[in-house]
Amino acid sequence: MGTSDTKTVELANYRPTDFVLERVDLTFELDPTNTKVDARLIFHRRDGADPRAPLVLNGDELTLSGLLLDQNEVPAGQYDVTPQSLTIRNLPEAVPFEITVTTFINPEANTQLMGLYRTNGVYCTQCEAEGFRRITYFPDRPDVLAPYTITIIADKAANPLLLSNGNFLGGGNYDEGRHFAAWFDPHPKPSYLFALVAGDLGVVEDTFTTMSGRDVALKIYVEHGKEPRAAYAMDALKRSMKWDEERFGREYDLDIFMIVAVSDFNMGAMENKGLNVFNDKYVLADPETATDQDYANIEAIIAHEYFHNWTGNRITCRDWFQLCLKEGLTVYRDHEFSADMRSRAVKRIAEVRHLKSEQFPEDAGPLAHPVRPTKYREINNFYTTTVYEKGSEVTRMIATLLGAEGFKKGMDLYFERHDGDAATVEDFVKCFEDANGRDLSQFSLWYHQAGTPMVSASGAYDPAAATFTLSLEQMIPATPGQSAKEPMHIPLSFALILDNGSTAAPTAVAGGEVTGDVLHLTERKQTFTFSGVSSRPVLSLNRGFSAPINLHLDRSTDDLVHIARHDSDLFARWQALNDLILPVLMEGARDVRDGGTVTCPSAVISALIEIAGNDALEPAFRAQVLALPSEADIARELGSNNDPDAIHTARTTVLTAVAEAGRPVFQHLFETMKNSAGFSPDAASAGRRALRNSALGYLTYAEQSPVRAAEAFASADNMTDLVQALSVLAHRFPDAEEADAALGAFVTRFDDNPLVIDKWLSVQATIPGAGALDRVKALMENRHFVASNPNRVRALVGSFAFSNPTGFNRADGEGYRFLAERILAIDPKNPQLAARLLTSMRSWRSLEPVRADHARAALLTIDRSVELSSDVRDIVDRMLK
Ligand code: PHE
Ligand code: ZN
């Protein structure tokens, strides 16, 4: 936040504060434009700290209106103050002292959505990472922990609800129609976990009895009238609480757990202690308005924020370089939770698709950084898919290396040893080392080296010796600031699959460590020899995506089909099919770009159709197989000189070929996969919907007519089917009457539901082709589009830039110019949102030269602007470097 002249922060410069914060006492007198904040802070000088060191507190756009030291006014000569900092000198050397800071802030004018702001008439805070300093002068860093007492005073009629962290102490009437409430959070916490909410909201209530028998009150606050739409979130919360007890032995630790849904929020949700604040999109759901994906997201994010209570809150981060300590670990925990709630294999496939489509491009482009970075200019820009998703994969690899038991021992030690601490990644890793007697120093490179490792593998079978030899070589590409890399410890799950589909059990292995079905690649080049392999096996490698790598392994179509049919690991079967189809799509895109035509091998097509029609396989899995690699996937794999139009044409040609060859199968699926009973959001029913909608998509390719999709739209009885039919119509027949009619009917029906309108905006923003930009511009004038609301902006501008390869990457560069304009308009109001949108251009260097030139020019327009936020400045600088 703030202006663009911020300096780089370096991990190497970390040192603890000179003062220890003992307790925090805050009083808020809420007013929409002039809120008074009194902060009483008790400090003592840290043992061994310089006796003359001043106390330096952070601020951001603050004005000081009162300053007391032990209740006496501080003389002007004893302190210095700017909007960014408050420095107080001559403080007691050996005894605790109390500082009282008074500030006035304007929540209504806070468009950054950091600090205390207003959303739909509700007061709400967002403090991670450095928003607390926009409320009062404070040591705003995660290693300063204290118990907080909060008093909130506000107009009673407008704000019947006054919430903060911890347990409710009491409240009552105050003066002039005002009332107050007091909260106490006994668990020492850093300021980024502070929260306050005040307003008039409806509530859904429940209770949870913890494993030691304590009753916890559960409350989800939503806008009045939306209570029924919070039922699924409540159910997900209770399942999360139970699961964390059973799987990780973690019990909740306050009398009450609250979630508040707000409509203006920069991120998904926030884990404030005892008072989570959520983007309402990740709370509200019912069959009429939420898709299966919405339900899955709600379940995962409710769990994620709840799990932070231990991994993030009870044990927090020493500094923001350690962000993955809480985020990577908590994503891993929510992934495991969803895997237990749903189909593990299908969940894993979805995770890997997401990792490859989001994190791999980040790791391969100008914004690449290690999971544990060592410097940053703007911390807001480090809430990345690398910190979150690659961070989760690193945690998963620890579990793979140590096995379930060893992983549990390490986690138990972590909770025991570091409860109440602000810890580091090194502390975390040490727990696994100590609990298992294992050296993880080479493994730790996963935290420090950026870039997706590339592993080349080749296998050779020697029938005479009955040995299978596997040669591996790893290469980690150069990334910004890191040119030379050390070989990493890469755990590769594997199987040698025999002709009859069974797995070979070699009698011995030489060449490196193998534990169970995991092979440990630790050297740059390494050869493993398996003996006692009596017939030629097919190698299945990196099963379950045990390591987040790019694997290069040449296998024949026959061998891949063999794995697709026989591997006992469903993920590996999906991977094999993906490995079959991806080269076809890549070849096709190259051929189209160079003026040729697409060839589509029939063996590949029939392998896909065979899986589609195999009723022994769960529908959700078949739907994943049928969802061919996306245009972005193809672009990423091609890596350079990309022409998005050629990729689109090639992919459409392949889809059509599959559709024509599999028409009877798709017809059958479309007819039989309908759920007969009423709507249920469970994974099995969702899987049937996914497969049926996939069949609809293919049938539309085969039939070249909007009629079936229009019928599906008319007869849909849930949002998943409705929005799928709508996208088929809009994306495939944008000029047809049927598409127009469906878009019109949709917006009329959901006129009063902004979250559903977001789907309508995204569907239109992602219509392929150069015409999308004019549609997006027109929609910006639509009364449903609210330029200050991050969800609306992401649905329209974000979907266009991130998810419409042919529309955004128009050959004339108009898409990039439009985005640059939007960014410059949004940046002064909401820099985080602007910076996030700009990352959509992170792969600009892999475009063909004409588009790349247009993209560079648009980036330079942003770069030349003098008034950039530090958020956008940081991103644009790195993108142009
Ligand atoms: N800590 C939040 C989460 O992962 C994300 C977040 C970051 C929200 C910064 C707001 C601001 O769950
Ligand atoms: Zn998180």
Side-chain angles (χ1 to χ4, degrees), residues 1 60 110 112-117 119 124-135 140-142 165 189-197 233 236-237 240 244 259-283 297-317 319-338 354 358 371 376 378-392 394-395 422 790-791 794 830-836 839 871:
M1 216 57 50
D60 183 6
N110 185 352
Q112 292 186 13
L113 314 183
M114 281 294 266
L116 177 66
Y117 65 96
T119 162
C124 145
T125 55
Q126 173 52 46
C127 294
E128 187 177 8
E130 298 179 336
F132 193 79
R133 61 184 66 183
R134 295 170 57 75
I135 295 172
D140 190 15
R141 40 187 279 176
N165 317 89
K189 68 165 172 293
S191 52
Y192 82 86
L193 291 173
F194 166 77
L196 174 156
V197 171
L237 174 60
S240 306
D244 212 16
I259 291 173
V260 181
V262 300
S263 35
D264 296 82
F265 202 72
N266 276 339
M267 309 282 273
M270 180 64 211
E271 70 266 23
N272 316 301
K273 184 77 187 192
L275 178 55
N276 288 186
V277 175
F278 270 61
N279 186 326
D280 57 0
K281 156 188 172 96
Y282 297 123
V283 173
N297 289 343
I298 290 170
E299 179 180 80
I301 296 175
I302 291 274
H304 179 96
E305 307 310 330
Y306 174 72
F307 296 158
H308 267 315
N309 191 55
W310 275 94
T311 52
N313 302 2
R314 290 287 289 249
I315 308 180
T316 194
C317 300
D319 53 66
W320 292 121
F321 297 102
Q322 319 299 330
L323 188 56
C324 71
L325 178 72
K326 73 177 177 84
E327 296 304 348
L329 175 55
T330 305
V331 171
Y332 171 72
R333 278 152 52 69
D334 85 58
H335 282 178
E336 283 296 293
F337 169 72
S338 295
H354 177 77
E358 304 303 320
V371 171
Y376 61 77
E378 174 50 67
I379 187 56
N380 290 329
N381 290 336
F382 279 83
Y383 289 79
T384 61
T385 172
T386 296
V387 168
Y388 277 67
E389 274 78 25
K390 190 174 180 180
S392 165
V394 175
T395 310
N791 285 355
R794 283 186 286 252
N830 188 337
Q832 275 186 56
L833 179 61
R836 183 67 57 142
T839 64
D871 308 57

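One-based numbering, in listed order, for ligands and for the atoms of each. The basis for the numbers below is simple: all heavy atoms, side chains too, and nothing from hydrogens, waters or symmetry mates.
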Do you know which N/O/S atom name in Glu327 is closest to the Zn ion (ligand 2)? OE1
Name the residues in contact with ligand 1, where contact means a heavy atom under 4.0 Å away: which are they? Gln126, Glu128, Met267, Ala269, Met270, Glu271, His304, Glu305, His308, Lys326, Glu327, Tyr383, Tyr388
Just by distance, do the side chain of Ser240 and the backbone of Ala236 share a donor-acceptor pair under 3.5 Å? yes
So if I apply the side-chain hydrogen bond (donor to acceptor under 3.5 Å, both in side chains) rule between Thr311 and each of Arg333, Glu327, Glu271, Lys326, which one comes out positive? Arg333
Quick one: list whatever passes salt bridge (charged side-chain N to carboxylate O under 4.0 Å, His left out) with Arg141, sequence neighbours left out. Asp143
Go through the structure and list residues passing salt bridge (charged side-chain N to carboxylate O under 4.0 Å, His left out) with Asp140, not counting sequence neighbours. Arg133
Applying side chain to side chain donor-acceptor pair (under 3.5 Å), name anything that partners Arg836, two or more places apart in sequence or on another chain. none
Rounded to the nearest 0.5 Å, what separates atom OG1 in Thr316 from atom NZ in Lys189? 11.5 Å
